[in-house]
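Single-structure report; data block below.
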Amino acid sequence: MARRKSKAKQEEELFQGLAGLAMLGGTAGTYSLTTSWKASIGVGVLGVIGVVTLMISIQRKRMKRLKRSGIAEIDQMDGFQFEQYLAHLFRSQGYKAEVTKAVGDFGADLILTKEGMRIAVQAKRYSKNVGIKAVQEAQSSIAHYRADEAWVVSNSRYTAAAYELAKSNKVRLFNREALIEMMLVMNDQKVTDFQAADPRISPIKNVCPRCASNLVERSGPKGVFYGCSSFPKCRHTAPLK
């Protein structure tokens, strides 16, 4: 079964198609009006340049958005750090989050509760697509933790088989794009809170991308820098600029 294409891949293919249409459409349309191949090719090339310029602009905005989310920091975490981060992330959404014990977690890394709902969460900090095993583990954790439903949250994406199994077992999958959206919402809320307290605070530099705690100014052998307020539990640092 074919894997689902990522949004970025779909957009890339769309722009490739648009570039082709711009070249062919511009060339054919101009030739039908002018009967000049030189003018027709020129218009076609300009159409392609326009599409490429738009594509570059969108890619730049996407990269800026990814940087603001802090997903690159997530990609460097180990499994334990990822679980701790997810706990912070879901707490920012009003959930009560409990990280299960590292050994013998019985298929769930976190237990979320909110408005009478109990949710077992399997956390997967992967560099490759997540397969059906994670779905099976999440589904099996429902009975043990007496949960109402199960989720799998990953910084990566899922195989087509994982999506199919999750659908038939009513397991909810959060892929990389969904995680980024949640991170942006949390970070934007942090920015709002910081600016309400002190408008002079730089929003991006004062949010820890690892645990969502405040970043504070610290001094070290190399000078002043930003350090996470939850140190030593979180050792994230950022340059002071």
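Just so it is clear, the structure is predicted and the values come from calculations on it, not from any experiment.
Side-chain N or O atoms of Y158 include one that pairs as donor or acceptor with a backbone N or O of V152 at under 3.5 Å. The main-chain N or O of T100 is never found under 3.5 Å from a side-chain atom of D109 such that the two would form a donor-acceptor pair. Proximity of a side-chain donor or acceptor of N169 to a complementary backbone N or O of Q139 within less than 3.5 Å is not detected.
Side-chain atoms of E73 and M183, non-hydrogen and from C-beta on, never get closer than 4.5 Å to each other. Looking at heavy atoms from C-beta onward, M182 lies out of side-chain contact with L86 at the 4.5 angstrom threshold. Looking at heavy atoms from C-beta onward, R157 lies in side-chain contact with E177 at the 4.5 angstrom threshold. With contacts defined as side-chain heavy-atom distances shorter than 4.5 Å, the pair L179/F174 does not qualify. With contacts defined as side-chain heavy-atom distances shorter than 4.5 Å, the pair R125/D78 does not qualify.
Here Y226 contributes atom OH and T237 contributes atom OG1; the two are 13.0 Å apart, rounded to the nearest 0.5 Å. For the atom pair E149 CD and S141 OG, the distance stands at 11.0 Å (nearest 0.5 Å). We find the CD-CZ distance between Q122 and F106 to be 13.5 Å, quoted to the nearest 0.5 Å.
Heavy-atom neighbours of F225 CZ from other residues, nucleotides or ligands within 6.0 Å: above the threshold of 12.
Aromatic ring pairs are classed by plane angle as parallel below 30°, tilted from 30° to 60° and perpendicular above 60°; the pair F90 and W151 is tilted.
Here the closest heavy-atom approach between residue K124 and residue S154 is recorded as O-OG, 2.8 Å.
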